[in-house]
Amino acid sequence: MTERSVPRKPDGEDARVYGRRKGRPLRASLSRLIAERLPAYVFDLPEAGLLDPQSLFTHGPRAIWLEIGFGGGEHLAWQAVNNPHVGLIGCEIFLNGIATALRALEEAKATNVRLWPEDVRPLLERLAPRSLDRVLILFPDPWPKARHHRRRLINDHTLDQLARLLRPGGELRLATDDEDYLVWMLDHLWRRRDAFRWTAESAKDWRTRDWPETRYETKARAAGRQPTFLTYRRLG
């Protein structure tokens with residue numbers, strides 16, 4: 001893939017987002033969908049100042065949710081249909097996933113979704129403080145090799161940004177099927193226990209989720225990997 005030339009942060013974490021931008025060639029119908037319908041979902045950052053995500057929607061959403069890395073978009077589309085009062089922003093750089101999600105959104109006639117098909121970090125930097133009610137990061141790439149851990153999306157810088165953006169009482173929802181990444185997530189969030197509180201009260205709380213199983217989760221379970229679901233509440 002082609003990566004933007006962005007300097008590494010002083011703490012050793014990489015400011016770049018790693019991952020495929022393209023997979024196998026898109027079918028003609030999906031290519032046409034990207035060309036004709038994607039512009040209706042995407043948005044630009046303001047030339048100056050911060051972005052109030054409420055301004056992206058015309059239906060006056062009662063809450064704003066951000067999903068970072070929506071994969072094929074099954075979860076994003078399901079949430080849009082089942083939460084019409086919410087404004088959802090979906091972020092993904094993988095073109096094939098964007099095309100699949102766009103097809104699902106069009107079929108569902110979802111009007112409460114906006115898409116950011118770019119590196120999410122510039123968006124996080126420009127969103128207004130306390131403008132999000134929920135952030136979802138489901139099954140991010142675990143980058144299992146130790147030398148690649150700095151590429152993980154869950155890191156000190158990202159969590160600091162999310163702490164700034166979530167309203168008090170807002171939720172950070174995480175999911176992973178990688179045991180090492182799970183420990184990493186728990187450790188990083190424990191170090192921010194002044195900002196985030198893990199809401200789990202029993203094992204059931206981290207073994208279940210309130211949305212349908214996605215294709216990725218199905219593959220993980222078939223391979224013998226047990227997904228874990230974490231919910232943290234923004235304090236303050």
Side-chain angles (χ1 to χ4, degrees), residues 4 6-7 9-11 13-17 19 38-70 73 75-77 79-80 82-93 98 101-102 105 110-138 140 152-175 185 188-189 191-199 230-236:
R4 298 184 180 188
V6 181
K9 293 191 174 293
D11 59 6
E13 294 167 355
D14 204 314
R16 290 172 290 185
V17 168
L38 183 59
Y41 290 84
V42 299
F43 60 94
D44 296 318
L45 295 175
E47 293 184 4
L50 299 176
L51 173 65
D52 178 359
Q54 283 278 348
S55 67
L56 301 176
F57 303 93
T58 59
H59 68 295
R62 291 182 233 158
I64 301 292
W65 297 356
L66 173 71
E67 181 171 5
I68 303 176
F70 57 70
H75 173 265
L76 182 68
Q79 294 286 13
N82 287 274
N83 297 281
H85 62 285
V86 170
L88 290 112
I89 302 173
C91 304
E92 179 60 64
I93 63 171
I98 295 168
L102 191 56
L105 293 172
T111 60
N112 58 333
V113 177
R114 298 294 178 267
L115 300 178
W116 180 258
E118 300 288 344
D119 181 337
V120 70
R121 299 182 204 212
L123 174 62
L124 296 181
E125 292 171 1
R126 296 290 300 280
L127 286 173
R130 300 191 172 192
S131 60
L132 303 178
D133 297 274
R134 182 177 294 178
V135 176
L136 304 110
I137 306 176
L138 309 180
R152 288 176 168 176
L153 179 60
I154 304 301
N155 58 47
D156 293 336
H157 179 69
T158 300
L159 291 176
D160 286 344
Q161 289 280 47
L162 298 183
R164 180 182 68 87
L165 296 175
L166 278 164
R167 293 190 177 98
E171 288 185 348
L172 171 60
R173 294 189 173 190
L174 307 172
M185 290 176 173
H188 276 68
L189 279 149
R191 300 206 304 260
R192 275 158 184 73
R193 57 190 178 276
D194 59 331
F196 295 101
R197 180 180 66 84
W198 190 16
T199 64
L230 307 175
T231 299
Y232 285 84
R233 187 84 61 193
R234 178 67 172 99
L235 303 175

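Because only heavy atoms are used, hydrogens play no part in the values below, and waters and symmetry mates are left out as well, while side chains stay in.
- From His157, atom NE2 reaches atom CG of Leu159 across 10.5 Å, with rounding to the nearest 0.5 Å.
- Among residues two or more places apart in sequence or in another chain, the salt bridge (Lys or Arg N to Asp or Glu O under 4.0 Å) test is passed with Arg152 by Asp180.
- When side chains are defined from C-beta on, Leu138 counts as touching Glu67, because their heavy atoms get closer than 4.5 Å.
- A donor-acceptor pair is defined here as one N or O able to donate and one able to accept, closer than 3.5 Å; no such pair exists between the side chain of Asn112 and the backbone of Pro61.
- Shown here are the side-chain contact (heavy atoms from CB on, under 4.5 Å) partners of Asp160, two or more places apart in sequence or in another chain: Arg192.
- Across all non-hydrogen atoms, the minimal contact from Phe196 to Leu162 is CZ-C, 4.2 Å.
- Distance check, rounded to the nearest 0.5 Å: CG of Leu166 to OH of Tyr232 gives 13.5 Å.
- Rounding to the nearest 0.5 Å places CD of Glu118 at 8.0 Å from CD1 of Ile98.
- To the nearest 0.5 Å, atom CZ of residue Arg234 and atom CG of residue Leu172 are 10.5 Å apart.
- Between Ala195 and Ala163, the closest heavy-atom pair is CB-CB, 4.2 Å.
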Please tabulate, for side-chain N and O atoms in residues 38-53, each donor-acceptor pair with protein atoms closer than 3.5 Å (sequence neighbours left out).
from, atom 1, to, atom 2, distance (Å)
Tyr41, OH, Glu106, OE2, 2.5
Asp52, OD1, Gln54, N, 3.1

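- Between Leu153 and Thr158, the shortest heavy-atom contact is O-OG1, 2.9 Å.
- Nearest heavy atoms, Phe70 versus Glu92: N-OE1, 3.1 Å.
- Around atom CZ of Arg126, more than 12 heavy atoms belonging to other residues, nucleotides or ligands sit under 6.0 Å away.
- Side-chain N or O atoms of Thr231 include none that pairs as donor or acceptor with a backbone N or O of Thr199 at under 3.5 Å.
- Each salt bridge (Lys or Arg N to Asp or Glu O under 4.0 Å) pair with one or both residues in residues 163-174, not counting sequence neighbours, appears once here: Asp133-Arg167, Arg134-Glu171, Glu171-Arg173, Glu171-Arg233, Arg173-Asp210.
- Between Leu127 and Leu165 the shortest heavy-atom distance is O-CD2, 3.4 Å.
- Not counting sequence neighbours, the partners of Arg193 by the side-chain contact (heavy atoms from CB on, under 4.5 Å) test are Trp190.
- Here the side chains of Thr111 and Thr58 are not in contact, with every heavy-atom distance at 4.5 Å or above.
- Asn82 pairs by the side-chain hydrogen bond (donor to acceptor under 3.5 Å, both in side chains) definition with nothing, not counting sequence neighbours.
- At a threshold of 4.5 Å between non-hydrogen side-chain atoms, the residues Leu66 and Leu124 count as touching.
- The side-chain contact (heavy atoms from CB on, under 4.5 Å) test applied to Ala77 returns Ala104, Leu105, not counting sequence neighbours.
- Taking all atoms of both residues into account, the shortest heavy-atom contact from Ile89 to Phe57 is CG1-CZ, 4.2 Å.
- Leu88 pairs with exactly one of Ile64, Val113, Leu115, Leu136 by the side-chain contact (heavy atoms from CB on, under 4.5 Å) rule, that one being Val113.
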